[in-house]
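Chain identifiers are assigned alphabetically (A, B, ...) following the order of the sequence lines, protein sequences preceding nucleic acid strands; residue numbering begins at 1 within each chain. When reading the values below, keep in mind they use all heavy atoms of this one structure, side chains included, and skip hydrogens, waters and symmetry mates.
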There are 2 protein chains.
Amino acid sequence: MELSPTAYVILGMVSRTPHSGYEIKALVDNSTRFFWAASYGQIYPELKRLAEAGLVEGSDAPRGDRKRTVYAITKTGRAELRDWLRRPPETSEMREEGLLKLFFAGMLEPEEGVEILRAMRERRLAVADQLRAMEPEAIEKDDDLPLMVLQGGIEFSQWFADWCDRMEARLLA
Amino acid sequence: MELSPTAYVILGMVSRTPHSGYEIKALVDNSTRFFWAASYGQIYPELKRLAEAGLVEGSDAPRGDRKRTVYAITKTGRAELRDWLRRPPETSEMREEGLLKLFFAGMLEPEEGVEILRAMRERRLAVADQLRAMEPEAIEKDDDLPLMVLQGGIEFSQWFADWCDRMEARLLA
DNA sequence: GGCTCCATGTAATCCGTTACATGATTAC
DNA sequence: GTAATCATGTAACGGATTACATGGAGCC
């Protein structure tokens, strides 16, 4: 079967514990967001498609009087997820507007190039901080691979921020 | 004015020398591609829109009998590009399917997680090699910022590959 | 004659975000 | 009471890829 990577994120998120669409969004925002985001506009329709395809199964799980549907992975879903995990990764993209601006910044004054580097640096440091704030919880959960990925995100953000620093020095030299 | 970043890439590419859509595609593929790609399906329609908006100007420049239109930036276009360069960068995204797989690889054998890391590593090394192959030419051109960005791409790809290496060791420990 | 590169474009489709709409529950 | 959070969804739109279609030029 050929699903979008985002469908597999959802499948992965319900592979241990059943979750509602709302919870899945929160899970993504606290874990894969920095390298794979997902919005409600994707999650809810995708959950329906996955249910139709028999890869997840929804069941009513109201909290008090508030309606709520949680989705659990099925045997077929688990097999499909496993298959996907075993296929070599394909998509690998980056869209970094700051680098684009830096690339063309030759038509500005050098100090303005420095401005771009600083903006990128601040951004990355902010991301690094956000990710660091999640680290203690991830350590407690003692979940090897998610922790590895989180720490990778921290390292990467910090590396990028440092690169901006070095390039700023190079521009000013 | 509010254009898409891709529109600014195109604007930037014609800001020094006029170019055809075909040439712009090649330029992008040899420079910004690793952090901002663009396809023909975007470039040709966007060139028309930019021409309508008066930011570029097309003119016939046939090669032999083969029709060919090159686009040059206008004064308005140059001002618009400059304005954009001075606004703080916004978009910053990553989509890395390999990290997604690694994140969920807990349901596989450890050796299979290693496989994912190796695949990501090979990919990154291949990119690093491609970018390194472009370096001599970029050095000759002696264009500060494009060279800086290119070298940033090389460093980043190498950093990522090394991270995969380290994580492989950590998984096997 | 056939391959590769130059050159331009469109149509279908997908993926994804944003905005909108609605409403219950909980904490202050 | 009101703000934040939980909860579910849809519609409009935009951005981008892919496939398709066409054809000239240059080289072996």
Side-chain angles (χ1 to χ4, degrees), chain A residues 1-10 13-14 18-30 32-52 56 58-71 90-97 100, chain B residues 1-10 13-14 18-30 32-52 56 58-71 90-97 100:
Chain A
M1 202 169 330
E2 203 42 65
L3 304 170
S4 69
T6 301
Y8 289 108
V9 177
I10 294 170
M13 289 300 178
V14 299
H19 287 294
S20 67
Y22 186 82
E23 285 168 342
I24 292 169
K25 170 76 163 100
L27 286 169
V28 167
D29 282 346
N30 287 303
T32 69
R33 185 199 40 181
F34 94 90
F35 60 92
W36 207 287
S39 62
Y40 289 126
Q42 283 178 277
I43 292 170
Y44 284 111
E46 192 65 59
L47 275 170
K48 282 201 175 168
R49 277 193 292 273
L50 290 172
E52 271 170 46
V56 301
S59 57
D60 286 355
R63 291 252 229 246
D65 258 357
R66 186 164 48 198
K67 269 189 190 172
R68 186 163 162 273
T69 312
V70 294
Y71 294 84
E90 288 174 10
T91 312
S92 170
E93 289 166 35
M94 240 183 126
R95 301 241 138 189
E96 188 67 42
E97 202 182 350
L100 216 48
Chain B
M1 201 170 327
E2 202 44 66
L3 302 171
S4 70
T6 301
Y8 289 108
V9 177
I10 295 170
M13 289 301 179
V14 299
H19 288 294
S20 67
Y22 186 84
E23 286 169 342
I24 292 170
K25 170 76 163 100
L27 286 169
V28 167
D29 282 346
N30 287 304
T32 70
R33 184 201 40 181
F34 92 90
F35 60 92
W36 206 287
S39 61
Y40 290 125
Q42 282 177 277
I43 292 170
Y44 285 111
E46 192 66 59
L47 276 170
K48 285 203 172 164
R49 278 192 291 273
L50 290 171
E52 273 170 45
V56 300
S59 58
D60 285 355
R63 294 250 229 247
D65 258 357
R66 185 164 51 195
K67 270 189 190 170
R68 186 162 162 274
T69 311
V70 294
Y71 293 85
E90 288 174 9
T91 312
S92 169
E93 286 167 36
M94 241 183 127
R95 300 239 139 189
E96 188 65 43
E97 203 182 349
L100 216 49

Got a donor-acceptor contact below 3.5 angstrom from the Arg33(B) side chain to the Leu27(B) backbone? no
With side chains defined as the heavy atoms from C-beta onward, is the minimum distance between Val70(B) and Ser59(B) less than 4.5 Å? yes
Rounding to a whole Å, what distance do you find between Lys67(A):NZ and dA21(C):P? 21 Å
Can you find a side chain N or O atom of Arg68(A) that sits less than 4.0 Å from OP1 or OP2 on dA7(D)? yes
How far apart are the closest heavy atoms of Glu96(B) and Ser92(A), and which atoms are they? OE1-OG, 3.0 Å
Starting at atom CD1 of Ile10(B), determine the distance to atom P of dT8(C), rounded to an integer number of angstrom. 13 Å
Within the side chain of Arg49(B), is there an N or O that forms a donor-acceptor pair under 3.5 Å with the backbone of Ala7(B)? no
Between Glu46(A) and Lys25(A), does any side-chain N to carboxylate O distance fall below 4.0 Å? no
Please confirm whether the backbone N or O of Ile10(B) pairs with a side-chain atom of Tyr71(B), one donor and one acceptor, at under 3.5 Å? no
Quick check: does any side chain N or O of Arg68(A) sit under 3.5 Å from a backbone N or O of Ala61(A), one acting as donor and the other as acceptor? yes
Calculate the interatomic distance between Asp29(A) atom CG and dT5(D) atom P; express it in whole Å. 13 Å
Could you list, one pair per line, each protein nitrogen or oxygen that sits under 3.5 Å from a nitrogen or oxygen of nucleotides 15-19 of chain C, together with the distance?
| residue | atom | partner | partner atom | Å |
| --- | --- | --- | --- | --- |
| dG16(C) | OP1 | Arg95(B) | NH1 | 2.4 |
| dG16(C) | OP2 | Thr6(A) | OG1 | 3.0 |
| dG16(C) | OP2 | Gln42(A) | NE2 | 2.9 |
| dG16(C) | O5' | Gln42(A) | NE2 | 3.2 |
| dT17(C) | OP2 | Ser39(A) | N | 3.4 |
| dT17(C) | OP2 | Ser39(A) | OG | 3.0 |
| dT17(C) | OP2 | Gln42(A) | OE1 | 2.6 |

Ignoring backbone atoms, establish whether Arg63(B) has a side-chain N or O less than 4.0 Å from OP1 or OP2 of dA7(C). yes
Could you tell me how far apart Lys25(B) (NZ) and dC5(C) (C1') are, to the nearest whole angstrom? 14 Å
Between dT8(D), dT10(C), dG9(C), which one does the side chain of Pro45(B) approach most closely? dT10(C)
Nearest whole angstrom, please: distance from the P of dG9(D) to the CD1 of Ile24(A). 11 Å
Considering only side-chain heavy atoms of Tyr22(B), which listed nucleotide, dA7(C), dT8(D), dG9(C), is closest? dA7(C)
Using whole Å, what does the distance between atom P of nucleotide dA27(C) and atom CZ of Arg66(A) come to? 11 Å
What is the distance, rounded to the nearest whole Å, between atom CD of Glu46(B) and atom P of dT10(C)? 13 Å
Would you kindly give the CE-to-C1' distance between Met94(A) and dA16(D), to the nearest whole Å? 18 Å
